[in-house]
Amino acid sequence: MALRLYDSMTRELRVLSPSHADGVFRFYNCGPTVYAPAHIGNFRTFLINDVVRRLLELQFGPAKVKHVRNLTDVDDKTIKRARDEGRPLADVTRQWTEKFHADCAALNCLVPHDEPRATDPRHLRGQVDMIDVLLRKGNAYRAPDGSVYFKVSSFPGYGALSRVKERELQPGDALKALAADADEKEDGSDFALWKAWKPDDGDNQWPGPEGAAPGRPGWHIECSAMSKAILGETIDLHTGGVDLLFPHHENEIAQSECCNGQQLSRHWYHSEHLLVDGKKMSKSLGNLYTLDELTAKGVSPMAVRYALLAGHPRKQLNFSLDSLHAAESAMAKLHAYGQSLSTDGDAVALDPVRAALHDDLNIPAALGALFTLVNRGPQGVPKAAFDEVLWTLGLKPTAPGAAAATAPAPVVALAEQRWTAKQARDFKAADTLRGELAAAGWSMLDGKDGYKLEPLKK
RNA sequence: GGCGCGGUUGCCAAGUGGUAAGGCCGAGGUCUGCAAAACCUCUAUGCGUCGGUUCGAUUCCGACCCGCGCCUCCA
């Protein structure tokens, strides 16, 4: 079954395939800026890319996929955070990198094969080298303050991805934004490759390209340099959120292709944003959720994963807390179904599910096909094939309440009393104790040979 | 203003030129001392509005209304 994915560049569905002689599929996914906890909108993108990674592994074999996701550890936001907290930049980015990794693990994301950082000396050198080449080739120029800018007019292909040439800048806001660097740039659409040190940058500066001032790399160049260093000049797939389409990816293409004289990526894929209450998440709207905030409400990370994957990746998904309840219930159903399966049956039963995933990552259709199967019963569905589909989606369903083994001792004592009373068929006492447990905020689920405790749902 | 996306049942969400997957919620039932879990059954003559094409449109075309995103460092 061929794996087809929408290509933002050609705007059509195209089959994914490796292009290098070694048969290794080269996959670069733009990662987070590590200055704060990632929010669930960020994770929607990373989760979608995690499913892409899994599908690629199934398609080409685990050893034939190389997945790279960068960490942006130097930019205005990280530097500002470090300055505000009076800490070294590296401390701040290490803290939030660790948090990002913990969240990714909780959400059951596969670990990328490489996770390059912009300030890694090796990659800093790579970025400077690229800028040197661009300067030499005439695609870049030094500004009076020692910064280096990319000369957009030197690259005829500029705008192919975002159709920027068909755009017109809004006279109001855009010009204001451009005015900030107006003195340094030759043209408003030029963008920074290297930013000369400013007092706000504090201790954070590195030797720059030839003839440039010490400072730090511009944002876009890191992906170009690190992708080249790890995956080579031409990669097979480059992904990110739609917001990166312009200018980030457009600029990456310009830098890389002018520097290398090779196509940067054979395929581009962008996932849509997560909305909350119908709007993009933002601090000013106060509709921004982190994983911790959701798990604090008693939601399992797996339910968060399910909820974030439940919409078509190329369509905006409107997130709500209700969707998490739906996700928990759906996961419980999948878990029960998985328990009922045996080795009997034919893996083709799962083909409709796989077909939907292979058809431009249509996860909602795949889930629909999966539940159609679930509703038909376990006959003819082998457990291994079912498990493989769950693995592809990265879902690990659990029984309801399975995680709730950590009741406080007094609650456990009450539960023990009630269990004893129940065994003695003293139902009056058992009911009273159920009431006391409820008052303590716990619910007791009786089984045949024992019980489980779980926090009372509100 | 430019570029792009979307409006499907109470909520979420697929999809198709021949009359609408699936999840949640809800209702009924089986089971259970109770409660849960599990399982079974039911739940859109309708897919933003108005026209057009067609034997037939939710699906194609046009217009309009509404919502969302991007438009220089936000996944």
Side-chain angles (χ1 to χ4, degrees), chain A residues 11 29-33 38-49 72 75-77 152 162-174 177-178 180-181 185 188-192 195 218-220 239-248 250-251 270-275 278-282 306-307 310-312 314-320 322-334 336-337 339-340 352 356 362-375 377 399-401 422 425-428 430-431 434 438 443-448 451-452 454:
Chain A
R11 298 193 178 183
N29 170 21
C30 279
T33 302
H39 55 68
I40 57 171
N42 298 319
F43 278 117
R44 164 142 127 125
T45 297
F46 299 129
L47 253 14
I48 287 166
N49 278 282
T72 298
D75 79 323
D76 290 346
K77 292 191 296 284
V152 166
S162 61
R163 312 296 199 270
V164 78
K165 283 181 180 165
E166 298 164 16
R167 297 170 184 234
E168 285 175 22
L169 289 181
Q170 171 82 304
D173 302 343
L178 292 174
D181 291 332
K185 292 185 193 178
S189 58
D190 293 346
F191 57 89
K195 304 177 92 150
W219 176 37
H220 316 296
T239 67
V242 275
D243 52 315
L244 298 185
L245 219 143
F246 184 84
H248 185 53
E250 197 71 74
N251 292 351
H270 296 90
S271 46
E272 258 295 349
H273 278 146
L274 184 73
L275 305 182
K279 307 273 187 203
K280 184 177 164 177
M281 281 194 289
S282 71
Y306 186 102
H312 190 113
R314 288 197 296 111
K315 210 172 149 184
Q316 291 168 346
L317 176 66
N318 194 8
F319 177 84
S320 68
D322 280 347
S323 69
L324 295 172
H325 300 141
E328 295 276 21
S329 299
M331 296 273 288
K333 201 166 171 179
L334 288 176
Y337 182 71
Q339 296 294 304
S340 73
N362 194 338
I363 299 172
L367 289 172
L370 188 60
F371 276 101
T372 299
L373 221 54
V374 169
N375 291 332
K422 190 194 156 182
R425 303 195 68 79
D426 181 356
F427 297 127
K428 191 171 270 181
D431 286 349
R434 181 181 283 291
S443 153
M444 184 162 168
L445 310 176
D446 295 352
K448 205 166 128 196
Y451 61 87
K452 277 189 248 179
E454 72 175 23

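In what follows, every chain begins at residue 1, and chains take the letters A, B, ... in the order their sequences are listed.
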Exercise. In chain order, what residues pass the side-chain hydrogen bond (donor to acceptor under 3.5 Å, both in side chains) check against R434(A), with sequence neighbours excluded?
Worked result: none

Exercise. What pairs with H312(A) under side-chain hydrogen bond (donor to acceptor under 3.5 Å, both in side chains), at least two apart in sequence or on another chain?
Worked result: none

Quick test: give all pairs of protein nitrogen or oxygen and nucleotides 8-15 of chain B nitrogen or oxygen below 3.5 Å, distance rounded to 0.1 Å.
{"unit_1": "rA14(B)", "atom_1": "OP1", "unit_2": "H312(A)", "atom_2": "N", "d": "2.9"}
{"unit_1": "rA14(B)", "atom_1": "OP2", "unit_2": "K315(A)", "atom_2": "NZ", "d": "2.8"}
{"unit_1": "rA14(B)", "atom_1": "O3'", "unit_2": "N362(A)", "atom_2": "ND2", "d": "3.1"}
{"unit_1": "rG15(B)", "atom_1": "OP1", "unit_2": "N362(A)", "atom_2": "ND2", "d": "2.8"}

Problem set entry | ring pair (Phe, Tyr, Trp, His ring centres under 6.0 Å) against Y451(A), all qualifying residues, sequence neighbours excluded | W419(A)

Exercise. How would you list, by chain and number, every residue that makes a salt bridge (Lys or Arg N to Asp or Glu O under 4.0 Å) with K315(A), sequence neighbours excluded?
Worked result: none

Exercise. What residues form a side-chain hydrogen bond (donor to acceptor under 3.5 Å, both in side chains) with D446(A), not counting sequence neighbours?
Worked result: R418(A), K422(A)

List every contact pair, protein side and nucleotides 57-59 of chain B side both N or O, where the distance is under 3.5 Å.
none

Problem set entry | Partner set under side chain to side chain contact (heavy atoms under 4.5 Å, CB included) for V152(A), not counting sequence neighbours | F150(A), Y158(A), S189(A), D190(A), F191(A)

Exercise. How does RNA chain B look in dot-bracket form if you count Watson-Crick and G-U pairs under 3.5 Å, write [ ] for pairs that cross, and put | where a base pairs with another strand?
Worked result: (((((((..(((.........))).(((((.......))))).....(((((.......))))))))))))....

Under 3.5 Å between N/O atoms: give me all the protein pairs with nucleotides 28-33 of chain B, atom names plus distance.
{"unit_1": "rG33(B)", "atom_1": "O6", "unit_2": "R418(A)", "atom_2": "NH2", "d": "3.0"}
{"unit_1": "rG33(B)", "atom_1": "N1", "unit_2": "D431(A)", "atom_2": "OD1", "d": "3.0"}
{"unit_1": "rG33(B)", "atom_1": "N2", "unit_2": "D431(A)", "atom_2": "OD1", "d": "2.9"}
{"unit_1": "rG33(B)", "atom_1": "N2", "unit_2": "D431(A)", "atom_2": "OD2", "d": "2.5"}

Exercise. What residues form a salt bridge (Lys or Arg N to Asp or Glu O under 4.0 Å) with D426(A), not counting sequence neighbours?
Worked result: none

For this session: Could you tell me which residues satisfy side chain to side chain contact (heavy atoms under 4.5 Å, CB included) with D322(A), sequence neighbours excluded, listed by chain and number?
Result: S320(A), H325(A)

